[in-house]
**Student:** 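There's a structure below that I have some questions on.
Below, each value reflects all heavy atoms present in this structure, side chains not excepted, and no hydrogens, waters or symmetry copies. This is a predicted model, so every value here is computed, not measured. Letters go in sequence order (proteins before strands), and every chain restarts at 1.
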There are 2 protein chains.
Amino acid sequence: MDKKSLLIETSLKLFYQDGIHAVGINHILATSGVAKKTLYNHFETKEALIQACVIERDKRFMNWLSQACQHAHSTSQFIEFFFNALDDWINNRVQALGEFRGCFFVNTSAEYSDLDNPIFQQCLQHKLKVKTYIENSLSAFTNDIGECQQLTDQLILLKEGVINSAFIMQDKQAALKAMKILKLSV
Amino acid sequence: MDKKSLLIETSLKLFYQDGIHAVGINHILATSGVAKKTLYNHFETKEALIQACVIERDKRFMNWLSQACQHAHSTSQFIEFFFNALDDWINNRVQALGEFRGCFFVNTSAEYSDLDNPIFQQCLQHKLKVKTYIENSLSAFTNDIGECQQLTDQLILLKEGVINSAFIMQDKQAALKAMKILKLSV
DNA sequence: GTTAGAGTAGACAAGTTTGTATACTTTGAC
DNA sequence: GTCAAAGTATACAAACTTGTCTACTCTAAC
């Protein structure tokens, strides 16, 4: 693995584990075994490294989600795949996303919560991307745009609730509970 | 206001705004206008101050929530009051909770996400307290314990989803959307 | 008026932070 | 084999971190 990727990999893991401000550059260097000059060769500042991490996390998340839902052939099947994927993640069956500690984007936003902060904006954009992905996927199964949008809103709302509850309440059944709610209402 | 309360008040505001690690003791002192010795007279360490902040936030949250829902006389009315309260909060109509920046307990947990960290445990306990409050409130309106538990789970899941979505997606309508979901399924 | 408790102001210690600079080594392309 | 690019190791600067300490002041009770 090239040094730049190694640095992002290491930082992503440490940032997700302990938060951004709590993890110093030196800690990242010691863990990755990379020299300081190499880091500042690839990234102008710590902030640039953080931004690269957010981009990488977004990539991994979208890859995982789209793969998990790709074989859905109906709305109800999409819902099932979607929440099963979340269930896998919060129960640590998805290696690409690391040991579950809630939503990386929410955790990161909590440390950069000003609306005009570029890191917050990156996190917001990720969430919008997920929303667009869901809406596009669902639109294949129905012609009713309103219904499609409403279901997207509901999936998003429940997804955020699942991730949050699984993290802070340690409710590892959250995804299955959420699936039930939608199955009752759809 | 006595100095101890002033320190908690100031810290709570700054921690909620910028995160815990990002806010130094000196910043808190400069903002509150309190001397360093006074702070360390009241709190042994920064961690003790953080813990006092979590306790205070829990108090304010529970007070606000229980007041907002106290006049509910039925399950559906409770749901209405509950989500209207959330709607007030995320749209900055609740002074006691400060300018909305997501869930203080989630934001804080993100910086102390080890299960055995006492701060994480405090946040977890707060969430369990909210759950107990909801379950107790609902139990007054029905004799079906299973239904009561299920609805509690749903309310919790949607509450977390609402707070998260309102924060990171800046979806200020999230609470009203969530109310709709439950009205469809109940 | 005296006195004890609480607060102020700020210097200080010891360690950490991000980021730069220097001197040396490895590696891969030609 | 040469040479440039990339990496290593580490010292260093400047600022910041938490927490301690000293000397002074204010305030309220008696």
Side-chain angles (χ1 to χ4, degrees), chain A residues 1-57 104 107-114 117-120 122, chain B residues 1-56 107-114 117-120 122:
Chain A
M1 193 190 298
D2 68 307
K3 301 294 171 179
K4 189 171 181 178
S5 305
L6 176 58
L7 283 168
I8 293 177
E9 174 77 30
T10 307
S11 308
L12 205 39
K13 190 176 171 180
L14 292 177
F15 287 156
Y16 189 36
Q17 219 169 78
D18 299 322
I20 313 276
H21 285 93
V23 175
I25 289 289
N26 292 326
H27 188 187
I28 294 168
L29 296 174
T31 305
S32 62
V34 172
K36 191 173 271 195
K37 203 175 178 205
T38 305
L39 187 151
Y40 282 102
N41 237 31
H42 289 295
F43 305 99
E44 268 206 344
T45 59
K46 187 189 181 184
E47 181 160 329
L49 174 59
I50 298 167
Q51 295 189 2
C53 286
V54 176
I55 289 172
E56 179 63 25
R57 180 76 184 182
F104 176 75
N107 294 358
T108 300
S109 293
E111 297 194 58
Y112 301 94
S113 67
D114 276 332
N117 185 298
I119 295 175
F120 180 90
Q122 272 186 284
Chain B
M1 193 190 298
D2 68 306
K3 300 294 170 179
K4 189 171 182 179
S5 305
L6 175 59
L7 283 168
I8 293 178
E9 174 77 31
T10 307
S11 307
L12 206 39
K13 190 176 172 181
L14 293 176
F15 287 156
Y16 189 36
Q17 217 170 79
D18 299 322
I20 312 276
H21 285 92
V23 175
I25 290 290
N26 293 327
H27 189 188
I28 294 168
L29 296 175
T31 306
S32 60
V34 172
K36 191 174 270 194
K37 200 168 181 212
T38 304
L39 187 152
Y40 281 102
N41 237 30
H42 287 297
F43 305 99
E44 266 206 344
T45 60
K46 187 189 181 183
E47 182 160 328
L49 174 60
I50 298 167
Q51 295 189 1
C53 286
V54 177
I55 289 173
E56 178 63 25
N107 294 359
T108 299
S109 293
E111 297 194 58
Y112 301 94
S113 67
D114 276 333
N117 186 299
I119 294 174
F120 180 90
Q122 272 185 283

**Student:** Between atom CD1 in B:Ile25 and atom C1' in D:dA15, what is the gap in whole Å?
**Tutor:** 18 Å
**Student:** Answer yes or no: is there a donor N or O on one side and an acceptor on the other, between the side chain of B:Thr31 and the main chain of B:His27, under 3.5 Å?
**Tutor:** yes
**Student:** Does any residue of residues 14-22 of chain B have a heavy atom under 4.0 Å from DNA chain C, and if so, which ones, in number order?
**Tutor:** none
**Student:** Please report the distance, rounded to the nearest Å, between CG in A:Asn26 and C1' in D:dC12.
**Tutor:** 13 Å
**Student:** Does C:dT8 have its OP1 or OP2 closer than 4.0 Å to a side-chain nitrogen or oxygen of B:Lys3?
**Tutor:** yes
**Student:** For the side chain of B:Thr38 and the backbone of B:Val34, is there at least one donor-acceptor N/O pair under 3.5 Å apart?
**Tutor:** no
**Student:** Taking the side chain as everything from C-beta on, heavy atoms only, tell me whether A:Ile25 gets closer than 4.5 Å to A:Phe43.
**Tutor:** no
**Student:** Should A:Thr108 and A:Phe120 count as side-chain neighbours, where that means a heavy-atom distance under 4.5 Å?
**Tutor:** no
**Student:** Output yes when a side-chain donor or acceptor of B:Glu111 lies under 3.5 Å from a complementary backbone atom of B:His21, and no otherwise.
**Tutor:** yes
**Student:** Heavy atoms, side chains only, cut-off 4.5 Å: are B:Tyr112 and A:Asp18 in contact?
**Tutor:** no
**Student:** Could you check whether any side-chain heavy atom of B:Asn26 comes within less than 4.5 Å of a side-chain heavy atom of B:Lys36, counting everything from C-beta outward?
**Tutor:** yes
**Student:** Between C:dG28 atom P and A:Asp2 atom CG, what is the distance in whole Å?
**Tutor:** 13 Å
**Student:** Check residues 45-52 of chain A and write down every donor-acceptor pair under 3.5 Å in which the side-chain atom is one partner and the other belongs to a residue at least two apart or another chain.
**Tutor:**
{"residue": "A:Thr45", "atom": "OG1", "partner": "A:Glu47", "partner atom": "N", "Å": "3.4"}
{"residue": "A:Thr45", "atom": "OG1", "partner": "A:Ala48", "partner atom": "N", "Å": "3.2"}
{"residue": "A:Lys46", "atom": "NZ", "partner": "A:Ile20", "partner atom": "O", "Å": "3.2"}
{"residue": "A:Lys46", "atom": "NZ", "partner": "A:Val23", "partner atom": "O", "Å": "3.0"}
{"residue": "A:Glu47", "atom": "OE2", "partner": "A:Gln51", "partner atom": "NE2", "Å": "3.4"}

**Student:** How close or far is atom C1' of D:dA6 from atom CG of A:Leu7, stated in whole angstroms?
**Tutor:** 13 Å
**Student:** Can you list, by residue number, the residues of residues 36-50 of chain B that have a non-hydrogen atom closer than 4.0 angstrom to DNA chain D?
**Tutor:** B:Lys36, B:Lys37, B:Tyr40, B:Thr45, B:Lys46
